[in-house]
Amino acid sequence: MSSAGISHAGRVDLLGIGISPINLDDAVATIERWIGDRRRNYVCVTGVHGVMESRRDQRLRRIHNEAGMVTPDGMPLVWVLRLFGERRTERVYGPDLMRKMTAVSSMRGYRQFYYGGAEGVADKLKQVLVNDYPDLPVAGVLCPPFRELTAEEDRAIVDAINAARPHIVWVGLSTPKQELWIARHLGRIEAPVMVGVGAAFDFLAGTKCQAPRWMQRSGLEWLFRLCSEPRRLWRRYAYIVPGFTILAVGELVRRAIRPSEDASSGSPSRK
């Protein structure tokens with residue numbers, strides 16, 4: 001990890017984070033291409049929380065900007081990217097990406113590994129997904145202890161994952177823990193793809209309730225989650241919701257006036 005700058009062409013700079021202006025089919029096609037090429041790469045599934053945390057943490061910003069793909073996980077990101085001119089951008093929500101890749105994997109034979117979640121959640125997730133997709137090959141599940149691992153424990157986890165020979169390692173540790181874990185293990189984990197999906201483990205396993213679709217489409221999923229877990233989440237949303245709104249509006253205003261600034265200086269306008 002050598003630079004905090006955006007390192008992938010085709011990404012859109014949103015408050016210093018390069019977001020991929022894609023839809024769900026694009027994301028699935030990219031993951032399949034990595035598997036076919038046996039490339040080792042990773043996906044950050046990122047909403048407003050990830051963007052705001054990355055602004056405060058240079059390591060996290062670098063991890064996002066050097067990811068093979070950063071999907072727009074929240075509707076606010078989708079709306080801003082569309083206002084930037086990326087009209088075809090759609091939400092690539094962690095649980096939706098996981099379910100779509102599960103369906104594809106059951107047909108293509110891509111082996112899955114589930115790493116993370118509270119005790120028993122990864123096993124429950126496996127059970128639910130295999131019930132829905134009986135041909136799904138699951139290479140393994142592993143729930144790490146809720147503490148810093150020793151070097152020996154970490155090596156044992158890497159060895160266990162590599163011995164299982166998965167094509168995709170799904171990491172459900174929440175932001176920023178999962179992104180930091182993926183970055184530390186890139187090159188050590190032999191799977192072509194690692195994807196950080198956070199609460200998708202709980203949502204798909206049924207251990208936590210998802211917001212209704214109308215709230216997801218309206219950008220109000222944060223409110224549903226806040227009402228569901230107020231003690232854990234109130235500090236997070238008290239910071240990120242107003243903070244992102246102010247910064248995003250400022251960026252939109254800056255982009256709107258920049259062409260006139262370029263014209264007055266005699267330089268050509270840029271997108």
Side-chain angles (χ1 to χ4, degrees), residues 8 20 22-47 67-73 90-118 120-144 157-175 178-179 181-183 185-208 210 213 216:
H8 288 267
S20 306
I22 57 174
N23 58 37
L24 184 58
D25 289 339
D26 297 331
V28 169
T30 298
I31 291 172
E32 287 208 84
R33 186 171 68 251
W34 293 346
I35 292 172
D37 293 343
R38 294 299 300 180
R39 293 173 56 189
R40 296 182 189 178
N41 222 323
Y42 65 96
V43 181
C44 293
V45 177
T46 299
M69 181 166 55
V70 178
T71 76
D73 180 55
E90 297 177 4
R91 187 184 190 194
V92 182
Y93 181 41
D96 291 345
L97 176 60
M98 197 170 186
R99 186 167 284 280
K100 182 68 177 285
M101 272 310 308
T102 297
V104 171
S105 297
S106 70
M107 296 184 292
R108 303 271 202 266
Y110 302 146
R111 294 165 58 83
Q112 320 288 293
F113 198 104
Y114 307 119
Y115 178 80
V121 170
D123 290 294
K124 176 66 173 175
L125 174 68
K126 172 186 173 181
Q127 177 185 343
V128 168
L129 294 179
V130 170
N131 283 345
D132 290 345
Y133 302 95
D135 294 328
L136 178 70
V138 176
V141 302
L142 202 159
C143 175
I157 286 172
V158 170
D159 290 344
I161 294 173
N162 288 338
R165 297 181 295 106
H167 295 94
I168 307 171
V169 177
W170 300 98
V171 184
L173 297 176
S174 80
T175 296
Q178 65 193 13
E179 288 81 11
W181 187 90
I182 288 171
H185 293 82
L186 185 65
R188 297 176 61 200
I189 298 295
E190 296 170 359
V193 187
M194 291 187 282
V195 190
V197 289
F201 277 32
D202 289 297
F203 293 150
L204 295 181
T207 55
K208 289 185 180 179
Q210 284 183 271
R213 282 291 180 178
Q216 294 181 35

Open item on the list: Under the rule for side-chain hydrogen bond (donor to acceptor under 3.5 Å, both in side chains), what residues qualify as partners of Q112, not counting sequence neighbours?
Closed with: S105, W170
Open item on the list: Using a 6.0 Å cut-off, check whether atom NZ of K126 has over 12 heavy atoms from anything other than its own residue.
Closed with: no
- [ ] Hey, could you give me the NZ/CZ distance between K208 and F201, rounded to the nearest 0.5 Å?
- [x] 12.5 Å
TODO: Quick one: list whatever passes side chain to side chain contact (heavy atoms under 4.5 Å, CB included) with V128, sequence neighbours left out.
DONE: K124, D132
Indicate every side-chain donor-acceptor pair of residues 157-166 with a distance under 3.5 Å to a residue at least two apart or in another chain.
unit_1: N162; atom_1: OD1; unit_2: E190; atom_2: N; d: 2.8
unit_1: N162; atom_1: ND2; unit_2: V158; atom_2: O; d: 3.4
unit_1: N162; atom_1: ND2; unit_2: R188; atom_2: O; d: 3.0

- [ ] Please identify each residue that fulfils side chain to side chain contact (heavy atoms under 4.5 Å, CB included) with N23, with sequence neighbours left out.
- [x] D25, D26, R88, E90
Open item on the list: Give me each pair satisfying salt bridge (Lys or Arg N to Asp or Glu O under 4.0 Å) with a member in residues 194-205, each pair once, sequence neighbours excluded.
Closed with: none
TODO: Applying side chain to side chain contact (heavy atoms under 4.5 Å, CB included), run through T102 and L204 and close with a yes or a no.
DONE: CA-CA 11 Å; T102 297; L204 295 181; 6.0 Å; no
- [ ] Would you please name every residue forming a side chain to side chain contact (heavy atoms under 4.5 Å, CB included) with N131, sequence neighbours left out?
- [x] Q127
- [ ] Using the test ring-ring contact (aromatic ring centres under 6.0 Å, His included), find all partners of W181 that sit at least two apart in sequence or belong to another chain.
- [x] Y115, H185
- [ ] Check side-chain hydrogen bond (donor to acceptor under 3.5 Å, both in side chains) between S20 and all other residues, then give those that pass, not counting sequence neighbours.
- [x] none
Open item on the list: Minimum heavy-atom separation for V92 and L24, please, with both atom names.
Closed with: CG2-N, 3.8 Å
Task: Residues which pass side chain to side chain contact (heavy atoms under 4.5 Å, CB included) with Q210, listed by chain and number, not counting sequence neighbours - done: Y93, P95, F203, Q216
Task: Which residues share a side-chain hydrogen bond (donor to acceptor under 3.5 Å, both in side chains) with T71, sequence neighbours left out - done: none
TODO: Under the side-chain hydrogen bond (donor to acceptor under 3.5 Å, both in side chains) rule, collect the residues that match up with R108, sequence neighbours excluded.
DONE: E32
TODO: Over all heavy atoms of both residues, which pair between G117 and C143 is shortest? Give the atoms and the distance, please.
DONE: O-SG, 3.0 Å
Task: Set of ring-ring contact (aromatic ring centres under 6.0 Å, His included) partners for Y133, sequence neighbours left out - done: none
Open item on the list: Whether the side chain of R40 engages the backbone of P192 through a donor-acceptor N/O pair (distance < 3.5 Å, no angle test) should be reported.
Closed with: no
TODO: Starting at CD1 of I22, measure out to CE of M69 and round the result to the nearest 0.5 Å.
DONE: 5.0 Å
